[in-house]
Peer 1: 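First, the structure itself, so that you have it in front of you.
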There are 2 protein chains.
Amino acid sequence: MVTIKDVARHAGVSVTTVSRVLNNSQHPISPATKQRVLAAIEELGFCPNAAARSLQLNETRTIGLILPDIANPYYPGIVRGVEDVAHESGYTVILCNTDRSRERTQEYLRVLREKRVDGVIFTGGGAVEDASQSHFFDQERIATVVIGRHRGKLPAVQVNNTLAAREAVEHLLSLGHRRIATITGPATSTTASDRLDGYRCALAGRGMKVDPLLIVEGNFEFESGYQAIDRLPLRGPGAITAIFAHNDLMAIGAMKALQERGLQVPGDIAVMGFDNIPLASFITPQLSTVAVPVYDLGVTAMKVLAELLAGREVPPVTTLATKLQVRDSTIIK
Amino acid sequence: MVTIKDVARHAGVSVTTVSRVLNNSQHPISPATKQRVLAAIEELGFCPNAAARSLQLNETRTIGLILPDIANPYYPGIVRGVEDVAHESGYTVILCNTDRSRERTQEYLRVLREKRVDGVIFTGGGAVEDASQSHFFDQERIATVVIGRHRGKLPAVQVNNTLAAREAVEHLLSLGHRRIATITGPATSTTASDRLDGYRCALAGRGMKVDPLLIVEGNFEFESGYQAIDRLPLRGPGAITAIFAHNDLMAIGAMKALQERGLQVPGDIAVMGFDNIPLASFITPQLSTVAVPVYDLGVTAMKVLAELLAGREVPPVTTLATKLQVRDSTIIK
DNA sequence: CTGAAAGCGCTTACAG
DNA sequence: CTGAAAGCGCTTACAG
């Protein structure tokens with residue numbers, strides 16, 4: 001492995017000088033010297049060692065991205081957004097899948113601390129609380145941004161889940177639905193509780209009472225949406241005519257279960273999702289949903305983190321707009 | 001930031017001793033001393049600096065994963081597989097999206113060299129050739145594994161695309177189809193050329209000639225499958241009755257274009273894909289395809305890389321099995 | 001069983 | 001404009 005020393009020797013200068021041309025330092029250097037150094041670097045194929053540099057400068061130009069599962073179609077868009085901005089800004093991204101496991105989250109937190117990442121972006125909930133618990137932020141003062149609302153004091157980049165859920169349910173109400181079920185995310189999720197609030201607000205806005213039998217808890221996974229249908233009144237008096245699922249995956253699971261029971265969507269039961277994952281527009285019927293700007297969430301989170309790393313002030317909360325995406329699963333053609 | 005020196009002072013021992021307990025070294029240490037050191041580490045919240053360690057040991061326990069685009073549904077499964085094994089083996093993964101851009105690939109290669117990653121996994125083609133060109137492997141001897149067939153001498157983890165494509169087309173032939181079009185990947189892709197070979201072999205196996213009019217080049221993206229339909233004979237003499245697309249995304253694009261033209265799938269035209277992305281089983285009709293074990297490709301690639309990093313011999317090529325996944329887009333119910 | 005010291009490959013304050 | 005030297009935080013061969 002060729003080092004800065006080799007380059008210095010080869011060019012007949014000191015390592016100080018090599019370091020200066022390497023870093024385009026302000027320090028004046030004669031053009032001739034600079035040329036010699038550049039030539040030596042080229043000839044030797046020198047590539048500076050980032051670890052040595054980090055040790056000096058106390059920065060790694062690396063960030064950690066902690067999420068539940070990249071294979072969940074909600075996340076790739078976020079990851080891509082983060083990565084694009086990171087790359088532009090000269091940062092590298094370490095990907096950490098936690099499956100929302102506390103243990104795995106803690107392990108990653110430790111590794112990220114050891115690697116001295118400059119910052120961390122959290123998404124998918126849960127992890128944040130664990131992290132605060134482990135004194136991750138207090139002790140190390142690692143700059144951190146969270147995608148989604150959370151209970152801590154870290155900068156957040158989010159959408160207004162309550163408002164968006166309310167709009168989604170109002171869409172169903174405006175279509176004449178009155179028995180509207182909701183399949184929620186896990187009770188511990190702020191996202192789920194916000195979306196549930198939106199559901200309640202929408203009903204309250206019409207002076208309607210919430211029927212607890214129409215609220216079924218899921219876990220944001222396809223399977224839980226599928227199974228939720230077992231627990232909902234589908235026929236007879238009190239039967240539902242619409243479902244608002246807290247995310248697309250559960251909505252799609254529910255639609256599948258409904259179709260297997262011979263129920264038409266949206267003819268018998270309208271279904272509304274949340275997220276607008278790519279899948280939503282490919283299935284039949286195409287899923288009406290709330291479009292969450294995932295790529296932009298990633299982009300914005302990384303921009304906020306970069307600001308933080310540059311020592312600048314950042315807003316405690318950045319809220320991006322969602323958009324009601326009405327497709328075929330709520331509208332009878 | 002607390003360092004090993006602080007711990008040593010706090011515990012009243014030398015940094016040598018602290019380092020020894022930190023690394024569970026073979027070197028004998030008295031239980032009492034060990035306890036004192038452990039206590040000091042705990043009290044001070046000490047977290048060793050990986051950069052300093054890397055500088056000494058000349059290993060970073062970090063690998064780079066280079067792929068075209070994590071937002072393409074083919075890749076998350078691979079990434080997850082790589083990450084799971086990496087995590088178990090104590091490695092961290094840097095994610096690099098190249099969009100198959102040579103420039104972006106080169107940039108990443110440089111960054112990964114600077115960061116002194118222990119190894120690299122390539123997937124998505126193209127990049128490998130660029131990398132060889134930049135002397136990435138020769139100069140730095142960075143252990144590298146490629147997912148997919150390639151022209152270099154690097155260890156590969158792949159499926160047998162030719163065989164699998166042949167089976168897919170034979171499935172169509174066995175259904176009675178004789179005018180079978182194929183929508184290929186880019187001509188430069190080894191994957192695409194292998195799948196095209198399989199198509200040819202299948203036809204040749206029946207003594208049939210290949211009609212060049214039925215071969216349309218795409219680029220593995222949804223849009224190119226959609227547009228390919230414009231260039232195919234859909235009605236009248238010489239019309240096709242089936243399509244074999246080189247991946248699911250293009251197959252789904254083609255299906256959409258066919259449906260917009262009022263053609264039934266599979267009634268008028270059967271469609272076969274390749275990959276078995278999650279989307280394939282959600283669309284209507286469900287897509288018949290070749291199941292590629294993406295997660296296992298990732299797992300296996302990382303296992304091979306870990307072997308390489310452990311200094312052990314690895315097979316030049318590891319081939320995983322595909323499976324014909326017959327669903328609704330080729331079978332009339 | 002314990003530790004002093006050299007060294008990994010860089011950056012930079014200081015001196016000239 | 002140039003460079004000698006200290007130091008970033010670790011590991012480990014060597015000595016005791």
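Letters A, B, ... mirror the listed sequences (proteins, then strands); counts begin at 1. The structure presented is a predicted model; accordingly, all values stated were derived computationally and were not measured.
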Peer 1: Pairing donors with acceptors under 3.5 angstrom, does anything connect the side chains of A:S14 and A:T17?
Peer 2: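 Yes, because at least one side-chain N or O of A:S14 sits under 3.5 Å from a partner of the opposite role on A:T17.
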
Peer 1: Taking ring pair (Phe, Tyr, Trp, His ring centres under 6.0 Å) as the definition, give me every residue that meets it alongside A:H87, ordered by chain and number, with sequence neighbours left out.
Peer 2: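 Counting only residues at least two positions away or on another chain, A:H87 forms a ring pair (Phe, Tyr, Trp, His ring centres under 6.0 Å) with B:Y108.
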
Peer 1: Using a heavy-atom cut-off of under 4.0 Å over every strand shown, decide if A:T33 touches base, sugar-phosphate, or nothing.
Peer 2: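 Answer is sugar-phosphate: A:T33 comes under 4.0 Å of backbone atoms only.
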
Peer 1: Which nucleotide, if any, forms a Watson-Crick or G-U wobble pair with C:dA13, using both distances under 3.5 Å?
Peer 2: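 Paired with C:dA13, as far as the under-3.5 Å criterion goes, is no nucleotide at all.
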
Peer 1: Are the charged groups of B:E307 and B:K303 less than 4.0 angstrom apart, N to O?
Peer 2: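 Looking at B:K303 together with B:E307, the answer is no, because their closest N to O distance does not fall below 4.0 Å.
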
Peer 1: If the P atom of D:dC14 is compared with that of D:dC10, how far apart are they to the nearest Å?
Peer 2: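 Roughly 24 Å separates the two P atoms.
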
Peer 1: Indicate whether the side chain of B:R100 and that of B:N219 have a donor and an acceptor atom separated by less than 3.5 Å.
Peer 2: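 No, no side-chain donor-acceptor contact under 3.5 Å.
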
Peer 1: Assess whether one donor atom and one acceptor atom, taken from the side chain of B:H27 and the base of D:dT12, lie less than 3.5 Å apart.
Peer 2: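 Absent.
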
Peer 1: Of the nucleotides D:dG3, D:dC1, C:dG3, which has the atom closest to the A:P28 side chain?
Peer 2: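 Among D:dG3, D:dC1, C:dG3, the one nearest the side chain of A:P28 is D:dC1.
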
Peer 1: Would you say A:S30 reaches D:dC1's phosphate, i.e. side-chain N/O to OP1/OP2 under 4.0 Å?
Peer 2: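 So the side chain of A:S30 is outside the cut-off, no N or O lying under 4.0 Å from OP1 or OP2 of D:dC1.
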
Peer 1: Atom CG of B:D6 to atom C1' of D:dC8: distance rounded to whole Å?
Peer 2: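 Interatomic distance, CG of B:D6 to C1' of D:dC8: 13 Å.
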
Peer 1: Please state how far atom CD in A:Q35 lies from atom P in D:dT2, giving the value in whole angstrom units.
Peer 2: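 From A:Q35 CD to D:dT2 P: 13 Å.
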
Peer 1: Is it true that atom CG of B:N23 has more than 12 heavy atoms of other residues, nucleotides or ligands lying nearer than 6.0 Å?
Peer 2: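 Above 12, so yes.
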
Peer 1: What are the atom names and distances for every N/O pair under 3.5 Å that joins the protein to nucleotides 9-11 of chain C?
Peer 2:
{"unit_1": "C:dG9", "atom_1": "N2", "unit_2": "A:A52", "atom_2": "O", "d": "3.3"}
{"unit_1": "C:dC10", "atom_1": "OP1", "unit_2": "A:N49", "atom_2": "N", "d": "3.3"}
{"unit_1": "C:dC10", "atom_1": "OP2", "unit_2": "A:I4", "atom_2": "N", "d": "2.8"}
{"unit_1": "C:dT11", "atom_1": "OP1", "unit_2": "A:N23", "atom_2": "OD1", "d": "3.2"}
{"unit_1": "C:dT11", "atom_1": "OP1", "unit_2": "A:N23", "atom_2": "ND2", "d": "2.9"}
{"unit_1": "C:dT11", "atom_1": "OP1", "unit_2": "A:R53", "atom_2": "NE", "d": "2.8"}
{"unit_1": "C:dT11", "atom_1": "OP2", "unit_2": "A:S19", "atom_2": "OG", "d": "2.5"}
{"unit_1": "C:dT11", "atom_1": "OP2", "unit_2": "A:N23", "atom_2": "ND2", "d": "3.3"}

Peer 1: Can you tell me if B:D69 uses its side chain to pair, donor with acceptor, with the backbone of B:D99 under 3.5 Å?
Peer 2: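 Not a single qualifying donor-acceptor pair exists.
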
Peer 1: If D:dA4 has a Watson-Crick or G-U wobble mate with both distances under 3.5 Å, name it; if not, just say none.
Peer 2: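 Matched D:dA4 with nothing under the 3.5 Å cut-off.
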
